[in-house]
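Quantities reported herein were computed from a predicted structural model and do not represent experimental measurements. Numbered from 1 within each chain, the chains take letters A, B, ... in sequence-line order. Note: hydrogens, waters and symmetry copies are ignored here, and every other heavy atom, side chains too, is used.
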Amino acid sequence: MSQVRVRFAPSPTGFFHIGSARTALFNWLYARHTGGKFILRIEDTDKERNSPEFLKVILDSMRWLGMDWDEGPEVGGNFGPYFQSQRTELYQKKLKELADKGKAYEKDGAWWLRLEGARSTVFDDHLKREIEKVDAAPMVLNDLVRGRVERAEDRDFVIFRSNGEPVFHFVNVVDDIEMQITHVIRGEDHLSNTSKHLELFKAFGVKPPEYAHIPLILKTDGPGKMSKRDRGALIEEYQQRHYLPSAVRNYLCLLGWTPTDGREVLPIEDIIKQFELSAVHQSNARFDERKMSHVNAQTLRTLPAAEFAAIARPILIQHRVIDEKVSPARLAEVLAIIQEKVISVEHLPEFMGFFFTENFKKDDNAFANLKKKGGDPAARLRELLPHIEACEWTDAGIEAAFNAAAAAHQRKATDFFAPARFATSGQGGGPHLLGILRVLGRDTTLGRIKAFLN
RNA sequence: GCCCCCUUCGUCUAGCCCGGUCAGGACACCUCGUUUUCACUGAGGUAACUGGGGUUCGAAUCCCCAAGGGGGCGCCA
């Protein structure tokens, strides 16, 4: 059996849309699952809308998501060039081939593909003009996702514009032929176009590839598919917000496909192993940022500590929560107690800022809550103070101090927690309190409690 | 207007191919618990087979129709 060759063929328009990313991902997964080749081809035939900076957006996002390509820009390959703008001679040659066979003809300066079938002229309601219809035989597609789909083209269509540039349908098919693409995995928005593509394959006398039309990603609410303007629609947004690329990729897999082993958050190696086109869903999926955040949080918490630190450190430096002088060991100590609680890297600076400055932010809400709930926080801290001044500075020692304070004043140990938490962190929640105190150290802890009392 | 695709909790989905489980899980939400309030975590809970016809002892599952949703119909990709 010949090797699988799939391609992702984006048009560089300056954005990398989440739907495009998912299409790329399914192609990539299929290539990796089958041991085939993943080809990146740049469809830049529309000169009006393309530029080198736009290309960079795509390449950067592809790399960020860990989708490496075997052939394409910057890596080369035997079927290049991989930019359609550099393949114009080929398109001219292929056009001539169709013209010589009588499959294409010139009209109004453009070239049209000639369909086979009886012709008649009718008024088209949608186009609001008279058109020549062709009673062509339906094209039959056995789609790997959707099954048998039958559709007939009913008009000749342009394959080369009067300005000399080929149109999408033509270059798409020519390149798929020349690059020996075996499987076309693309969005369902192309399903209706497929009959055009099959007509082209037929005209060339070439057996078409297998097709798999994957469902679209719909807006979270409201009608229609995700558009550039929707929140969460652009991959760069996730990069900026410090989402983990592996989590974004993981979530994208869940839109239109379900892992077979019952897990939702799982390593990419396992996804590759389980991925099958036949298991791709047929119905569109609505984007849900909350679930994506959940996947991100899950992934974040299970990250090896060193990896977590490598991600957190530059961001904390960037936000001036720490400077370069903070030792890896000290940072690791702090991160160790916060990682189990953390849900996003984006909010890490505010979540853990109090570890590194005396000038930490105090949450008014938490303070109000404190007074409302637990009586007199200052009184509690005065009761607690002598015990933690003397105790052994370990989790167990600090815990014993809290218990001792409770026993001495006929209270529950937890009565001291909220005041201590607020005094030392300015927050109402966060990492485990004993861990916070231990990591802050005795001097800092006592200093902050005394500062609070003043 | 024409053509194509789709239809299970609010959302993502399992089950459907090869009819028979209280229709299962996850996110979100609610309740309760945990060293109180918590961006951790644990236990519960609310919540769905779009509608109508068939076929069948029995239908989420098979067939038909309708409705709804999505997409396409360009000398855009």
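A:G435 comes within contact range of no nucleotide atom at all, as no heavy-atom separation falls under 4.0 Å. Residue A:G224 is classed as a sugar-phosphate contact, given heavy-atom separations below 4.0 Å to backbone atoms only. Residue A:A413 is classed as having no contact, given no heavy-atom separation below 4.0 Å to the nucleic acid. Counting any heavy atom pair closer than 4.0 Å across all strands shown, A:R421 reaches a base atom. A:S344 comes within contact range of at least one nucleobase, with a heavy-atom separation under 4.0 Å. Across all strands shown, A:P223 has heavy atoms under 4.0 Å from sugar-phosphate atoms exclusively, and none from any base. Nucleic acid contact class of A:E264 (heavy atoms, under 4.0 Å, all strands): base. Residue A:H213 is classed as having no contact, given no heavy-atom separation below 4.0 Å to the nucleic acid. Within the nucleic acid shown, A:E150 comes within 4.0 Å of sugar-phosphate atoms alone, with no base atom in reach, counting heavy atoms only. Nucleic acid contact for A:D221: none, since no nucleic acid atom lies under 4.0 Å from a heavy atom of the residue. Note on A:F160: nothing from the nucleic acid sits closer than 4.0 angstrom, heavy atoms only. Counting non-hydrogen atoms under 4.0 angstrom, A:S283 reaches the backbone sugars and phosphates but no base. No engagement by A:K412 is indicated, since no non-hydrogen atom pair under 4.0 Å with the nucleic acid exists.
Remark: A:T258 is in phosphate contact with B:A14, judged by side-chain N or O atoms under 4.0 Å from OP1 or OP2. Between A:H432 and B:U41, a side-chain N or O to OP1/OP2 separation shorter than 4.0 Å is absent.
Pairing for B:G1 goes to B:C73, judged as Watson-Crick or G-U wobble with the two contacts each under 3.5 Å. Remark: B:G42 base-pairs with B:C32. Criterion, Watson-Crick or G-U wobble with two distances under 3.5 Å.
Across the protein-nucleic acid pair, A:L433 atom CG and B:U37 atom P stand 12 Å apart, rounded to whole Å. Regarding A:E188, its CD atom lies at a distance of 13 Å from the C1' atom of B:C3, rounded to whole Å. Taking atom CZ of A:R263 as the reference point, atom P of B:C27 lies 16 Å away to the nearest angstrom. Between the P atom of B:C3 and the CE atom of A:M139 lies a distance of 18 Å, rounded to the nearest Å. Look at CD1 on A:I217: it is 19 Å from P on B:C6, rounded to the nearest Å.
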Test A:S20 against A:F8 for side-chain contact (heavy atoms from CB on, under 4.5 Å), laying out the working first.
CA-CA 9 Å; A:S20 302; A:F8 173 56; 4.0 Å; yes
With side-chain contact (heavy atoms from CB on, under 4.5 Å) as the test, would you mind laying out the steps for A:L316 and A:L331 before giving the verdict?
CA-CA 10 Å; A:L316 293 170; A:L331 182 60; 3.9 Å; yes
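For A:V342 and A:F168, each mapped to the nucleotide of RNA chain B holding its nearest heavy atom, the one lying further toward the 5' end belongs to A:V342. Residue whose closest nucleotide on RNA chain B sits further toward the 5' end, between A:N284 and A:G428: A:G428.
Residue A:S192 places no side-chain atom within donor-acceptor reach of the base of B:C73, judged by atom type and a 3.5 Å distance cut-off alone. Judged by atom type and distance alone, A:K291 reaches the base of B:A26 through a side-chain donor-acceptor pair under 3.5 Å.
Every ring pair (Phe, Tyr, Trp, His ring centres under 6.0 Å) that A:F170 has, sequence neighbours left out, goes to A:F160.
Judged by the 6.0 Å and 45° rule, A:R155 forms no cation-pi pair with A:F157.
Around NZ of A:K96, the count of heavy atoms belonging to other residues, nucleotides or ligands within 6.0 Å does not exceed 12.
A salt bridge is defined here as a Lys NZ or Arg NE, NH1 or NH2 lying under 4.0 Å from an Asp or Glu carboxylate O, and A:R442 with A:E389 fails to meet this definition.
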